[in-house]
Chemist: 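One structure, as structure tokens, below. Some questions next.
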Number of protein chains: 2
Amino acid sequence: MSSKMTRLIDVAKLAKVSTATVSRVINNNGYVSARVKERVLKAIEELGYQPARAARFLAKSRQNFEVNILADDWVLKSITTVLDEFYSIVHKGIIDFSKNHRMNVHLRSVNSWDKNADGFLLIGGGITKELVKEVKATKKPVVLVDQYLPGLKVDYVVSDGYDGAVFAVDRLISKGLKRIVHIHGPLSHFGFRDRYDGYIATMERHGFMPKSYEFDEVSDNMSVIIDMMLRSYGKPEAIFGSNDTAAIRAMEELKLRGFKIPDDVSIVGFDDIMSASLVSPKLTTLKIFKYDLGSIAARRLFNLLMGEERHPVKISLFTQYIERESTI
Amino acid sequence: MSSKMTRLIDVAKLAKVSTATVSRVINNNGYVSARVKERVLKAIEELGYQPARAARFLAKSRQNFEVNILADDWVLKSITTVLDEFYSIVHKGIIDFSKNHRMNVHLRSVNSWDKNADGFLLIGGGITKELVKEVKATKKPVVLVDQYLPGLKVDYVVSDGYDGAVFAVDRLISKGLKRIVHIHGPLSHFGFRDRYDGYIATMERHGFMPKSYEFDEVSDNMSVIIDMMLRSYGKPEAIFGSNDTAAIRAMEELKLRGFKIPDDVSIVGFDDIMSASLVSPKLTTLKIFKYDLGSIAARRLFNLLMGEERHPVKISLFTQYIERESTI
DNA sequence: TCTAGATGTGTAAACGCTTACACACGGAGG
DNA sequence: CCTCCGTGTGTAAGCGTTTACACATCTAGA
């Protein structure tokens, strides 16, 4: 309970040496004779001394860190060309944080990264277990961003799809809707799996029958899926898409077939991409805080670089339900 | 990419004021005229300035924080009497961290806490949404430990039940087991829900039929549940309990009925309580890092107290699969 | 008109550590 | 015998903030 913190200078006094010497012992650099070293170590032990991290950070802040951001070509491209907003915003979050924390960041492809960097940020769905293992082998700090690889114990920063899905489905149900269909991306991608699980759990908790269709952005045709749904399942009261793209396409198809949105069918997406607020009706969705995804990941890496030696952790950011016009 | 950090003094120069004034603006305390405040804000914006946390920590380290740990009577008792190891270890993690960070912590019951404390740590399954809201109303930092209340946006530090369950079930399946039964506590408790979801998702991913039974430690009788399972489901190849207590009791009942553990039935628990390694055969289980649960929560609260103003986050600690004698 | 407080701003001293620099000593090589 | 260099240790200058204290100025009440 006591608030009296023992400081380096206390150790120095006890061991009858200067603060510089104690520091040398702690950091194990510079010349220290065996005799003195032992005395200092004993003093540290005796006082239960632990260095104040903040002070250490500050004093060390004269040194810079080199960090590599690794991403596959698609993500890389979407960062540099701002072709896709998602990753460029994440990237901005990283950059902004780094600027103020003496980290020099370099964007690199997954197959040409610098093994000598001080730390690594691996971004996006293209990151594989193999790559992570390879990078981990450098023994340098590693943080994965917007990608979760179950079973791999490493630091993650992701958005909480489960929580978001639970919230959205609960919300729809509270409006009296029961026939809620989920259209999701490939479940092998954890981001989709997470949202799917949240959807299923919530439907079951309320005693409603879940129904889901897989839609792969590159290979599948939404028109076909909607037809299939209408035939096999019938008319839904709401559709929850595992991302905005799927939700918007489903909405278009439904409108084409004469359904009124949101009167006949409510639609909810996930991500809050730019176009979510541009389509008509404007899409209700779960907003992912992309910028924070980046800045929190950078912060985590920074802490790791500063020698925070706890075991890896998964940090999940909550999403925010943004109610627009596509839901009753 | 540049490593040149903008500092408070740079902002001060640009805005033509002293560092003290800039600091006042940032921390929103002390007197600052609207005119000057605006100028400073503009300078901050222009330079993209972010305060260096380390320096801030250090400078603020003159002040001490009073923090309250809130827990229901049962948790409180298990901390103080070491009746239950779980929460006393979590508590120790908190205490140890606090000692070196100028936090004075006070253990309090959920109905007699100090509204004037600087921050709050709410521990255990007994924490209700109502309590959290009440505490949040103080506008002071709050961190929930070992309790997750979906829909409530607040900081959490929990162990990752989903990941642990996925790992355990995958492991059992890799041994060739298919008929894996899950015995779980009340799903209204998120800790159990999480593990349940992981179990279901993994079984389905492999195309196996999940089967689960609810077992409430206080009201249910394991003997009855095992009989029911044997009758309705038949003989399982493995049982995955959502905590060690359930797993151990199931094991006892199975042994009573002549099953050999692990030859006939493999058993896996969750928690790694003391007795897990005392029973015979020793229980294979997922270890929760209780001490780190506490220290990480304390650290998170500390960061919050220091004015880290990002939005709430859920921090999940990975569990560790400890293979002992109850699994083939 | 005078004065006590409220309001606004600056100066400079911490905070606890690391490390550049200075200094001292002793032995080796010339 | 002198110099040079490797060792060992101390002194003190930062690192980027916050905040106590000092000092101005303004406002309101007597």
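Naming: A, B, ... by sequence-line order, numbering from 1 per chain. These numbers come from the heavy atoms of this one structure, side chains and all, not from hydrogens, waters or symmetry mates.
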Chemist: In this structure, how many angstroms lie between the C1' atom of C:dT19 and the CG atom of A:Asn27, rounded?
Modeler: 10 Å

Chemist: Once ring-ring contact (aromatic ring centres under 6.0 Å, His included) is applied, do any residues pair with A:Tyr162, and if so which ones, sequence neighbours excluded?
Modeler: none

Chemist: A:Ile44 CD1 to C:dC17 P: how many Å, rounded?
Modeler: 10 Å

Chemist: Would you mind reading off the distance between B:Asn29 atom CG and C:dA6 atom P, rounded to a whole angstrom?
Modeler: 17 Å

Chemist: If I take atom CZ in residue A:Arg39 and atom C1' in nucleotide D:dG8, what distance separates them, rounded to the nearest angstrom?
Modeler: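 Interatomic distance, CZ of A:Arg39 to C1' of D:dG8: 12 Å.
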
Chemist: Which whole-number value in Å describes the distance from B:Asp10 CG to D:dT17 C1'?
Modeler: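 Checked: the CG to C1' distance equals 13 Å.
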
Chemist: Under the 6.0 Å and 45° cation-pi test, does B:Lys314 pair with B:Tyr148?
Modeler: yes

Chemist: Send over the distance from B:Lys13 NZ to D:dT17 P, rounded to a whole Å.
Modeler: 12 Å

Chemist: Could you tell me whether A:Lys153 atom NZ has more than 12 heavy atoms of other residues or ligands within 6.0 Å of it?
Modeler: yes

Chemist: Salt bridge check: are B:Asp10 and B:Lys13 linked by an N-O gap of less than 4.0 Å?
Modeler: no

Chemist: Could you tell me the separation between the CZ atom of A:Phe302 and the P atom of D:dG16, rounded to a whole number of Å?
Modeler: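 Rounded to the whole Å, the gap is 11 Å.
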
Chemist: Can you give one letter per nucleotide of nucleotides 8-15 of chain C, 5' to 3': B if a protein heavy atom sits under 4.0 Å from the base, S if only from the sugar-phosphate, - if neither?
Modeler: BBBBB-BB

Chemist: Taking atom C1' of D:dC15 as reference, at what distance in whole Å does atom CD1 of B:Ile9 sit?
Modeler: 12 Å

Chemist: Might you confirm whether atom NZ of B:Lys37 has over 12 heavy atoms from other residues, nucleotides or ligands at distances under 6.0 Å?
Modeler: no

Chemist: Do you know which two heavy atoms are closest between B:Tyr87 and B:Gly124, and how far apart they sit?
Modeler: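 Smallest heavy-atom distance, with atoms named: OH-CA, 3.4 Å.
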
